[in-house]
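Notes follow once the structure below has been shown.
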Amino acid sequence: MHGETVDWQALIRDVPDFPKPGIVFKDITPMLADGPAFSAAISEMAALVGPDVDAVVGIESRGFIFGAALAQKLGLGLVTVRKPGKLPADIHSVEYELEYGVDRLEIHRDALSHGHRVVIVDDLLATGGTANATVELVQKLGAEVDCCLFAIELAFLNGRASLDGVEVKSLLRCD
Ligand SMILES: O=P(O)(O)OC[C@H]1O[C@H](OP(=O)(O)OP(=O)(O)O)[C@H](O)[C@@H]1O
Ligand SMILES: Nc1ncnc2[nH]cnc12
């Protein structure tokens, strides 16, 4: 697999004190800018998705980058979970906490229905607040979560523990 030859750590830049003092921000832009590395990341993430998935759910905004590429690779549709006020039709809405703030996420009420099985995709798992809110939105529509899939997992924040009962998969763990 390509990934065995990719030095992921070299392609993810640590930016101290962004966006707030004390946060070490994991900047994925070098990885995205490297064609073979980005392609290998998507291939490796695609290999982690179960066989009976009907759709990819991408979380705004960095989750859209990985979610859209993954959906295309798997031949599946992309459902967008968005920040407040962006989706035009009827929505469900959930408030959540970030490593550095509070926000809301929204989904169209007709985006999924009972019997659909989805993979939720984001660039990074920190505390798990964002992914948890997305699980809640997907479940409000009666759909099932196959797994939550991340490019990067900040293992020291233990976001996995907050996603109780949901399978969590990631390409790269940072301890
Ligand atoms: O596990 P958590 O503690 O919830 O944090 C992870 C979330 O934080 C970042 O998104 P952010 O809200 O900064 O938005 P962006 O993707 O638009 O930059 C990241 O892309 C995840 O969605
Ligand atoms: N440390 C971090 N780096 C990048 N994105 C994040 N989202 C939440 N925490 C983050």
Side-chain angles (χ1 to χ4, degrees), residues 6-34 37-38 41-42 44-45 48-49 55-72 78-88 91-108 111-112 118-140 145-175:
V6 176
D7 182 0
W8 300 114
Q9 298 290 355
L11 293 167
I12 296 164
R13 174 166 52 193
D14 281 0
V15 182
D17 300 322
F18 183 89
K20 284 184 178 175
I23 301 289
V24 178
F25 191 86
K26 298 286 180 187
D27 176 21
I28 57 168
T29 61
M31 187 219 280
L32 298 177
D34 182 317
F38 184 38
I42 296 302
E44 291 195 31
M45 288 171 80
L48 297 174
V49 176
V56 173
V57 175
I59 308 174
E60 186 170 359
S61 59
R62 282 173 271 156
F64 287 176
I65 299 167
F66 290 91
L70 197 66
Q72 201 275 337
L78 177 71
V79 170
T80 58
V81 162
R82 300 212 58 179
K83 303 278 170 71
K86 300 288 187 183
L87 290 171
I91 54 153
H92 281 302
S93 179
V94 166
E95 191 166 282
Y96 67 104
E97 281 184 30
L98 269 177
E99 194 187 357
Y100 40 72
V102 177
D103 213 334
R104 292 182 78 78
L105 284 176
E106 298 178 345
I107 196 168
H108 272 148
L112 294 165
V118 305
V119 55
I120 293 173
V121 178
D122 207 347
D123 66 321
L124 180 140
L125 174 64
T127 64
T130 306
N132 245 311
T134 304
V135 168
E136 204 177 313
L137 288 170
V138 165
Q139 290 175 342
K140 267 181 198 270
V145 177
D146 176 75
C147 66
C148 288
L149 177 57
F150 305 92
I152 303 165
E153 175 178 358
L154 301 186
F156 56 93
L157 291 174
N158 215 11
R160 256 174 203 270
S162 75
L163 284 161
D164 196 25
V166 178
E167 188 158 10
V168 174
K169 298 178 183 178
S170 60
L171 194 57
L172 182 73
R173 281 171 63 95
C174 300
D175 295 304

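FYI, the numbering just counts along the sequence from 1. We use all heavy atoms of the structure for the numbers below, so side chains are in, but hydrogens, waters and symmetry mates are not. Counting convention: from 1, in listed order, for ligands and their atoms alike. Computed from a prediction, not measured in an experiment: that's the story for all the values here.
- Other residues, nucleotides and ligands contribute at most 12 non-hydrogen atoms within 6.0 Å of the CG atom of Asp164.
- Ligand 1 has no N or O atom lying under 3.5 Å from any N or O atom of Leu125, backbone or side chain.
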Exercise for review: Any chance you could lay out the side-chain contact (heavy atoms from CB on, under 4.5 Å) test for Val79 and Val118, step after step, and finish with the verdict?
Suggested key: CA-CA 9 Å; Val79 170; Val118 305; 6.0 Å; no
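- Residue-ligand proximity: Leu154 is placed with a non-hydrogen atom under 4.0 Å from ligand 2.
- Near Leu124, with a cut-off below 4.0 Å to any heavy atom, the atoms of ligand 1 are 6 (C), 21 (C).
- An N or O contact shorter than 3.5 Å is missing between Ala126 and ligand 2 by distance.
- For ligand 1, the polar-atom distance check against Asp123 finds a nitrogen or oxygen pair separated by under 3.5 Å.
- The residues Arg160 and Glu153 are annotated as salt-bridged, a charged nitrogen and a carboxylate oxygen being separated by less than 4.0 angstrom.
- Heavy-atom distances between Gly128 and ligand 1 reach below 4.0 Å in at least one pair.
- A donor-acceptor pair is defined here as one N or O able to donate and one able to accept, closer than 3.5 Å; such a pair exists between the side chain of Asp122 and the backbone of Gly63.
- No donor-acceptor pair closer than 3.5 Å links the side chain of Arg62 to the backbone N or O of Leu124.
- Polar contact with ligand 2: present for Arg62 (N/O pair, distance under 3.5 Å).
- Residue contact check: Lys83 has heavy atoms under 4.0 Å from atoms 12 (O), 14 (O), 15 (P), 17 (O) of ligand 1.
- Between Asp122 and ligand 1 there is a heavy-atom distance shorter than 4.0 Å.
- The shortest side-chain heavy-atom distance between Leu112 and Val57 falls under the 4.5 Å cut-off.
- Heavy-atom proximity to atom 2 (P) of ligand 1, evaluated over Leu105, Ile65, Thr127, Ile28, is greatest for Thr127.
- Side chains of Val81 and Ile120 form no contact here, defined as non-hydrogen atoms less than 4.5 Å apart.
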